[in-house]
Amino acid sequence: MRKQVSSLVIRRLLIALITLVIVSFAVFFATALLPGDTATILLGQSATPEAIEGLRNAMHLNDPAILRFLRWIGGLFRGDFGTSYANNVPIADLIRGRFANTMKLAGLTAAVSVPLALTLGITAAIWRGTLYDRFVTVATIGIISVPEFMIATLAVLLFAVYLRWLPALSLTNEIKSFHDLLRVYAMPVVTLTFGVSAQMIRMTRAAVVETLNTPYVEMALLKGASRSRLVLKHALPNALGPIVNSVALSLSYLLGGVIIVETIFNYPGIAKLMVDAVSTRDLPLIQTCAMIFCVGYLFLITAADIIAVLSNPRLR
Amino acid sequence: MTNSTLSDRRGIRLGYRANLVGLSALGVIFLWVVVALFAPHMIPHSVGEIVDTDYFGPMSRDLWFGSDYLGRDIFSRILMGARYTLGISLAAVSIACFAGVALGMTAAVAGGWLDTLLSRFLDALNSIPSKLFGLVVVAAVGSSIPALIGTLAVIYIPGAYRFARALSVNVNTMDFMVVARIRGERLPYLIASEILPNILGPVLADLGLRFVFIVLLLSGLSFLGLGVQPPYADWGALVRENIGGLPFGAPAVILPSLAIASLTISVNLLIDNLPTRIRDRSVE
């Protein structure tokens, strides 16, 4: 039995690896489609054809695409991300600090939204059909159906414009005390929490409701177990796998959310860097940022799948 | 033959009990479709004309929704924006679902290496976050309207494929499929006449959900300045160009987002309130 689990997990990891290769292919070739010649862009309109040809050779732009792809991938593995076109700085330097900033934002959001969403999701499932449950369900559908920038603008409007509690922009270098920290991170975290929690609440509720519908829970009810015992002792341990699975899946929503949130609050993270790179068409930077996001996303969905396998008692 | 089964089904559908929430959601969607179709005849002011001496003006009798950052009428701009938001999303979702469903049915019926190859490849595309995918492709091919439609369609093909394939695999095991195969029917017939009529309901519901995703992604891209480009403006672009009015609580920032919300929430509510026999009829 144990062998079966490890083979399933290994299989899943292999699939993730293959996916990663296809994804890096897609990212590389999507950016290689870019019209216009990089060397011409770098040297400007007035450059001589000889200079452009020289630069093309120096940057290996005349090599076949597959060679450039392999060189790029090899560089990524050695930690050499290349050089930004826009300001000629090694990408690793550009990314280092910003990556930490984005991780901080994501970590804080997870720390707030996971307990919140689990509480709301599980309680909504326990009191299913009540007014409370209806309210939670409608609110989550509403939040899922609107764009993130709308939640962000409404949050700014409410907390920064009308109530004047928080600043509308993030300036991370001005943090001196815990109070400052709270003020800087509050808005982005609140906005992201809304989106992430809404997803998580829906999935958690569905997982617990499904468990509560099983015969053994009915049996516990018939033998006279109290409601809290029913949920905590009987249903929850079995719903734990699906719940953790849904947490991992919902966190992958963060990756999409930060793109909007970092832009709107001017937060100095990876996503903001990437959006700026897209507007300046800074290819190597776009490729690297895209790969970071894809690896993060792939990691989370693979983790969710593996947890689902491990938590299935029939396979253990 | 397909036509007759379809019209039979539609006849039965009319017999379903109408649901108030579903009907009002349908009403809102219908309203936006009418607006998108007839916007040029409905707008009180030209979209480019500066009609207010002040910028970010409040709601007034003449300018119902106030004015934007240049003093243009935001009501007219929202009406015209409906054309871009609805038009681009509808075109993209049609392409995505047509391609995704056709590929999904083919993979399920053909099976074998074609199925494995397609599924692996499209699953891999599916594991690129959609907003990121959008950013990368827009960086590469630019944000002209046809490029946007193509990009959005490609991003949502894998999802439509996965859904249609899962449904078709179920139908594929039914006896009538075996009979049709023994009769010697070919792939196009099997797909169009045996599989499609049996998965049509859920596929249409899925199309609605995917439409919402596409509207949200398009608005997000436009909000980042990478979607619809001036002089045209969809609802996301309207929020972007007027974001400077946020500190004043200008209606020019809030109302375009409300327009998006009204459309997406309505579509979601409509699908949630569809009779379950249309929505979940995977195998009958």
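Throughout, protein chains are lettered first and strands after them, A, B, ... in sequence-line order, and every chain is numbered starting at 1.
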Open item on the list: Report which part of B:Leu132 has an atom under 4.5 Å of a heavy atom belonging to chain A: side chain, backbone, both, or neither.
Closed with: both
Open item on the list: Please classify the contact of B:Leu263 with chain A as side chain, backbone, both or neither, using a heavy-atom distance under 4.5 Å.
Closed with: neither
Open item on the list: Is the shortest side-chain heavy-atom distance between A:Met274 and B:Val136 below 4.5 Å?
Closed with: yes
Open item on the list: With heavy-atom distances below 4.5 Å as the criterion, would you say the side chains of B:Phe121 and A:Ile22 are in contact?
Closed with: yes
Do you know which of [options] has the most heavy-atom pairs under 4.5 Å to chain A?
options: B:Ala261, B:Ser130, B:Pro129; value: B:Pro129
options: B:Leu269, B:Asn126, B:Leu135; value: B:Leu135
options: B:Val253, B:Val212, B:Val239; value: B:Val239

Open item on the list: Restricting to non-hydrogen atoms, name the atom on B:Leu125 and the atom on A:Ala26 that form the minimum distance, rounded to 0.1 Å.
Closed with: CD2-CB, 4.3 Å
TODO: Return the minimal non-hydrogen interatomic distance between B:Ala124 and A:Val23, and the atom names on each side.
DONE: O-CG2, 3.5 Å
TODO: Under 4.5 Å heavy-atom distance to chain B, tell me which part of A:Leu20 shows up: side chain, backbone, both or neither.
DONE: neither
- [ ] Check whether A:Ile286 gets within reach of chain B through its side chain, its backbone, both or neither, counting any heavy atom under 4.5 Å.
- [x] side chain
TODO: Would you please test A:Leu255 and B:Lys131 for side chain to side chain contact (heavy atoms under 4.5 Å, CB included) and show each step?
DONE: CA-CA 9 Å; A:Leu255 295 166; B:Lys131 206 162 279 136; over 6 Å; no
Open item on the list: Suppose a student defines contact as a heavy atom less than 4.5 Å from any heavy atom of chain B. Which residues in residues 141-153 of chain A would they list?
Closed with: A:Ile141, A:Gly142, A:Ile144, A:Ser145, A:Val146, A:Pro147, A:Glu148, A:Phe149, A:Met150, A:Thr153
Does [X] have more than 12 heavy atoms from other residues, nucleotides or ligands lying within 6.0 Å of its [atom1]?
X: A:Phe194; atom1: CZ; result: no
X: A:Leu14; atom1: CG; result: yes
X: B:Arg162; atom1: CZ; result: no

Open item on the list: Heavy-atom pairs under 4.5 Å with chain B: which of A:Thr263, A:Ile301, A:Ile18, A:Leu157 has the most?
Closed with: A:Leu157
Open item on the list: I need the contact set between residues 215-229 of chain B and chain A: heavy-atom distance under 4.5 Å, sorted by residue number.
Closed with: B:Leu216, B:Ser219, B:Gly220, B:Phe223, B:Leu224, B:Leu226
